[in-house]
> 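Okay, handing you the structure first.
Chain letters run A, B, ... following the sequence lines, proteins first and then strands; every chain starts at 1. Here the structure is a predicted model, which is why all the values come from computation and not from measurement.
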There are 2 protein chains.
Amino acid sequence: MKAQKNIPLRIRRTKPVPASGAGTAVIQQITRAAHSQERAQDYVETIADLIVEHGEARAIDLAKAFGVTHVTVIRTVQRLQRDGLVNTRPYRSIFLTEAGSRLAVQAKARHRVVLEFLMALGVPEGVAKVDAEGIEHHVSPETLEAFQRVLSGA
Amino acid sequence: MKAQKNIPLRIRRTKPVPASGAGTAVIQQITRAAHSQERAQDYVETIADLIVEHGEARAIDLAKAFGVTHVTVIRTVQRLQRDGLVNTRPYRSIFLTEAGSRLAVQAKARHRVVLEFLMALGVPEGVAKVDAEGIEHHVSPETLEAFQRVLSGA
DNA sequence: TTTCATTTGTAGCCTTGACTACATAAGGTG
DNA sequence: CACCTTATGTAGTCAAGGCTACAAATGAAA
């Protein structure tokens, strides 16, 4: 018995697919790349906050801030150290490197703009905070600038 | 020799941390949850597009659209099938279930609003497309509504 | 019908990011 | 100082989402 008639098999196409947009793949690849940096940005931003507020950043505070176990924090911090964003030694607290500080400053500024922008649009604060957390990592310089234009009433 | 003076050790805190926001952890958890649904939404959306454009959705076209290997697509599609969003059988093309279709419609509508919104703000199309791809998954109904208000000139 | 390029599938590996369970260091307190 | 709570670290597991290399099915064409 061959395949049932109502279950389409593959269809051989000679033409290279009528192209649903040339750069589709590239867009997705850029988005995946942005993705892989989200954690790093969230961490350095929170580490910077903790240092300002408490004078030091500790694994347990990061764990509380992110809602994960301390083990997850420790392993993530190890990766950040491997990537040159933080410095830490066993049983000591966590410090930002120069690169980490720069990234934290950028991330924080962008986060603030996105949050203020959403609230300026009338989005309730609670919702805006959640959305900003997810959105910020995908806001390009161009879009950030557009947000700032709106905020400054231009 | 004890620890060097210039490398701070831990500091014992009696108070439960001056609270850098009560719901910080919750926000991050919501963001992580949104995260885990991104691929599913991207896939059903693209599958719907392919069906409209070519009459069927095939693994190789998805691979081209996402810029990944066909193996990644096949394994992702297996997860979507496990989760009840698509139906497929070995060597056959991919179909959306009822649930998958609904999700695709929602995702597509939201994607369109986000893209149009960014372009309405003056973000160049190429950049807007990339940003929309990342942003859309973190846009709550409230924020989406705000975007639509702006688009309708309210 | 046989062949063969294309497509799909399988096996196995890697990284990230999450977890539990257990082990060890730090440092306040009695 | 010894004790004991808190914080940190280690070991091992898991799922998602990537990959390469190889195997098998499809379907068009010779």
> When the distance from CD of A:Glu56 to C1' of C:dA26 is rounded to whole Å, what number comes out?
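For the pair A:Glu56 CD and C:dA26 C1', the rounded distance is 12 Å.
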
> Take atom CG of A:Asp42 and atom P of C:dA18, then tell me their distance rounded to the nearest Å.
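My rounded result for the distance is 10 Å.
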
> When the distance from NZ of A:Lys64 to C1' of D:dT8 is rounded to whole Å, what number comes out?
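Answer to the nearest Å: 13 Å.
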
> Checking contacts here: which listed nucleotide (D:dT26, D:dA7, D:dT20) is nearest the side-chain heavy atoms of B:Val71?
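Nearest listed nucleotide: D:dT20.
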
> Can you name the closest pair of heavy atoms from A:Ala65 and A:Thr46 and give their distance?
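Distance-wise, the nearest heavy atoms are CB-CG2, 4.0 Å.
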
> Atom CD1 of A:Ile74 to atom P of C:dT20: distance rounded to whole Å?
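After rounding, the gap between these two atoms is 14 Å.
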
> Decide side-chain contact (heavy atoms from CB on, under 4.5 Å) for B:Ile27 and A:Lys129; before the verdict, give the C-alpha distance in whole Å, the side-chain angles of both, and the deciding distance to 0.1 Å.
CA-CA 7 Å; B:Ile27 291 175; A:Lys129 278 185 176 175; 3.9 Å; yes

> 5'-most contact on DNA chain C: A:Pro90 or A:Tyr43, nearest heavy atom basis?
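Nearest nucleotide further toward 5': that of A:Tyr43.
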
> Considering non-hydrogen atoms only, spot the tightest contact between A:His138 and A:Ala34 and give its length.
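Result for this residue pair: ND1-CB, 4.0 Å.
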
> Rounded off to whole Å, could you give me the OH-to-C1' distance for the B:Tyr91 and D:dT26 pair?
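In whole Å, D:dT26 C1' and B:Tyr91 OH are 9 Å from each other.
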
> So for atom CD, which belongs to B:Glu145, do other residues, nucleotides or ligands contribute more than 12 heavy atoms lying within a distance under 6.0 Å?
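No - once you tally the heavy atoms of other residues, nucleotides and ligands closer than 6.0 Å, there are 12 at most.
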
> Round to a whole Å and report the spacing from CD of A:Gln29 to P of D:dC19.
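That distance rounds to 9 Å.
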
> Under 4.5 Å between any side-chain heavy atoms of B:Gln41 and B:Leu103, yes or no?
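SC-SC contact between B:Gln41 and B:Leu103 confirmed.
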
> Using whole Å, report how far CD of A:Gln78 lies from C1' of D:dG9.
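Whole-Å distance recorded here is 8 Å.
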
> Round to the nearest Å and state the distance from A:Leu62 atom CG to D:dG9 atom C1'.
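Interatomic distance, CG of A:Leu62 to C1' of D:dG9: 15 Å.
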
> Could you check whether any side-chain heavy atom of B:Gln28 comes within less than 4.5 Å of a side-chain heavy atom of A:Asp42, counting everything from C-beta outward?
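Side-chain contact under 4.5 Å: yes.
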
> Is there a side-chain contact between B:Phe147 and B:Leu121, using heavy atoms and a 4.5 Å cut-off?
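No; the side chains remain at least 4.5 Å from each other.
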
> Between B:Arg92 and D:dT26, is there a contact of a side-chain N or O with OP1 or OP2 at under 4.0 Å?
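Yes.
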
> Return the polar atom pairs (N/O with N/O) between nucleotides 15-17 of chain D and the protein under 3.5 Å, or none.
{"unit_1": "D:dA16", "atom_1": "OP1", "unit_2": "B:Arg82", "atom_2": "NH1", "d": "3.2"}
{"unit_1": "D:dA16", "atom_1": "OP1", "unit_2": "B:Arg82", "atom_2": "NH2", "d": "2.9"}
{"unit_1": "D:dA16", "atom_1": "OP2", "unit_2": "B:Arg82", "atom_2": "NH1", "d": "3.4"}
{"unit_1": "D:dG17", "atom_1": "N7", "unit_2": "B:Arg79", "atom_2": "NH2", "d": "3.1"}

> Answer yes or no for this row: A:His70 ring on D:dT8 base, centroids under 5.5 Å, planes under 30°.
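So yes, this residue stacks on that base, both cut-offs being met.
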
